[in-house]
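See structure below.
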Amino acid sequence: MGIDGLLTFVRSASSEVHISKFAGQRVAIDASSWLHRGAFSCARELALGQETDRYLRFPLRMIAMLRSHCVEPVLVFDGAKLPMKVRTDRLRSAARSAALQRAHREQRDKDFTDSITVTPAMADRLLRKLRESDTAFVVAPYEADAQMVFLVEHGHCAAAITEDSDLLAFRCPRTIYKLSPETGYCRLHSFDDLCHATDSSGSLLFDDWQSWKTGLFTDMCILSGCDYLPSIPGVGLKTAHAALSTHRSMQRAISALHDKFIWSKAQSADPAGRAELLQLTSEHLELCTMCQQIFKYATVWDPVSAALVPLHQLGTSLDIRDRDRLGPLMAPSDAKLLCEDGVLDPTSLQLYPTVEQSTASMPKREDVRSRFFDAVCPRVNTAACEPSSISIVQQNVVRRETAESALPLNEGAVAPCETDTFLYSAGVRSPMHFKAFHVPLSDEAKTAAFESAHLFAIDSPPCLGDAFLQRFRGI
DNA sequence: TACTAGTCGTCAT
DNA sequence: CGACTAGTA
């Protein structure tokens with residue numbers, strides 16, 4: 001998905017350049033897309049579970065190509081899945097499994113390549129190569145897209161290289177698409193150049209660019225359907241653009257689109273359904289507002305402060321449920337190991353198996369980080385590599401179990417849950433899967449729990465889209 | 001005219 | 001993931 005058709009829509013505001021335009025500068029790379037392309041060279045082996053690392057060739061070749069033009073890459077890896085994205089992820093992984101089934105049956109090349117999945121293990125192997133070659137990297141806590149935009153906006157990188165149109169929705173200042181591995185030519189989209197974008201008849205797409213720049217452009221992407229939320233059936237980029245051009249706000253555009261949709265279904269006169277339709281409209285607006293927040297405040301890693309921060313400064317404080325939709329925070333020590341050191345699986349927050357073995361024999365860890373951030377970040381704390389407590393509690397996956405005395409209760413892993421009960425973890429560090437136990441705690445323990453700001457509970461995230469779409473289709 | 005659903009290519013020999 | 005296209009309202 002991404003934003004379907006967006007790159008074509010704004011093509012007039014992009015330009016063909018050579019990558020050497022960025023000579024002497026750093027660029028952020030969407031590492032997953034390079035791993036994905038690399039995996040084509042060994043799709044069959046990967047599908048059959050055979051040992052191979054040929055998928056590393058392509059990314060390494062691309063890195064060499066960039067360096068040959070004096071462009072220094074910073075590879076940005078995907079982190080954990082955002083709760084709002086489960087719908088899209090589920091669709092994609094279902095398609096991959098289906099392809100894998102067919103591949104096993106019919107042994108067709110196409111099915112093998114369709115089944116390609118970039119796994120954390122593959123990312124781990126690339127990360128190791130990057131350390132060997134002193135290549136900079138960042139592991140995003142959640143969306144690599146948001147992380148790349150942060151690096152570009154804060155001047156760590158001059159541009160982002162990707163194939164995903166979401167970077168424009170994130171308002172990335174400079175994005176490079178279609179970088180040719182052979183020639184080094186590519187298509188550059190500068191966000192501010194969008195003010196010159198025209199349609200096929202040559203008229204300006206974004207009149208009063210300032211208002212598009214500050215929000216309407218992203219609103220257009222959301223309304224046309226993004227990874228976090230499907231669109232109203234029949235609404236694509238053109239319609240979203242037209243509605244926002246006329247109405248100039250998400251709220252009014254949604255109202256207008258709903259009216260139009262309902263008119264087209266010729267049911268506007270039904271008085272019984274009217275109240276429910278109003279309800280649907282306001283729910284849709286709320287879902288779109290959540291998407292706005294993700295595109296603006298998604299959780300990213302700030303290499304300078306060595307902390308998880310929102311992509312942009314949060315104007316107002318959000319309630320905890322809204323906050324966690326942007327990507328739950330985690331223990332600072334975990335965030336550092338994950339994002340800067342790249343030694344944790346983003347989903348489980350467990351050390352990669354291979355790394356765990358080497359930690360067991362207590363090797364030096366100084367070479368673990370990327371060169372680029374050495375200057376701004378302190379040394380790795382080896383002690384922090386020991387598996388410790390979980391840092392995030394996601395109530396919808398908590399399996400409530402009775403506490404048993406035999407279980408080792410790690411320090412710190414406490415989250416306020418009910419009045420007198422706290423969730424106390426048993427040392428599993430994944431924000432997505434873990435066991436927790438209801439344990440009554442002493443007052444001191446409660447105080448300690450509240451004082452550890454990084455420990456908290458979140459409500460079950462909604463699986464967006466499905467129910468919403470069904471209700472629309474039911475009209 | 002615009003949206004949709006489907007197909008194809010991404011590597012690399 | 002995007003690009004491209006034939007089919008549809």
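- In this entry the distance linking CZ of A:F9 with C1' of C:dC4 reads 19 Å, nearest Å.
- One atom, CD1 of A:I3, and another, C1' of C:dG2, lie 13 Å apart when rounded to the nearest Å.
- Side-chain proximity of A:K178 to the nucleotides C:dA3, B:dC3, B:dT10 is greatest for C:dA3.
- Taking for each of A:R54 and A:D4 the nucleotide of DNA chain B with the nearest heavy atom, the 5'-most of the two is the partner of A:D4.
- What separates CH2 of A:W34 from P of B:dG9 is a distance of 23 Å, to the nearest Å.
- In this structure, A:R61 reaches the sugar-phosphate backbone alone: every heavy-atom distance under 4.0 Å involves primed, P, OP1 or OP2 atoms, never a base.
- Nearest to the side chain of A:H36, among B:dA2, B:dT10, B:dA12, sits B:dT10.
- B:dC11 atom P lies 15 Å from atom CG of A:D109, rounded to whole Å.
- Separating the OH atom of A:Y55 from the C1' atom of B:dT10 is a distance of 18 Å, rounded to the nearest angstrom.
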Using the rule given for side chain to side chain contact (heavy atoms under 4.5 Å, CB included), can you reason through A:C288 versus A:L223, listing the C-alpha separation, both sets of side-chain angles and the distance that settles it, and then say yes or no? CA-CA 7 Å; A:C288 287; A:L223 274 183; 4.3 Å; yes
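- Proximity of the aromatic rings of A:H69 and A:F22 is defined here by a centroid distance below 6.0 angstrom, and this criterion is not met.
- Nearest to the side chain of A:K110, among B:dA12, C:dG2, B:dC8, sits B:dC8.
- For the pair A:H189 NE2 and C:dG2 C1', the computed distance is 11 Å after rounding to whole Å.
- The side chain of A:F40 approaches B:dT10 more closely than any other nucleotide in the set B:dT13, B:dA2, B:dT10.
- Among the atoms of the strands shown, none is found under 4.0 Å from any heavy atom of A:T162.
- C:dA3 atom C1' lies 11 Å from atom CZ of A:R11, rounded to whole Å.
- Set against C:dA3, B:dT10, B:dA12, the side chain of A:S41 has B:dA12 as its closest nucleotide.
- In this structure, A:I232 places its CD1 atom 16 Å from C1' of B:dT4, rounding to the nearest Å.
- Among the protein residues, A:S32 comes within range of no part of the nucleic acid, since none of its heavy atoms lies under 4.0 Å from any strand.
- When each of B:dA12, B:dC3, C:dA3 is scored by its nearest atom to the side-chain atoms of A:R57, the top-ranked nucleotide is B:dA12.
- For the OP1/OP2 pair of C:dG2 and a distance below 4.0 Å, the side-chain nitrogens and oxygens of A:T8 include no atom meeting the criterion.
- Taking the six-membered ring for Trp and the full ring otherwise, the centers of A:F191 and A:W212 sit at least 6.0 Å from each other.
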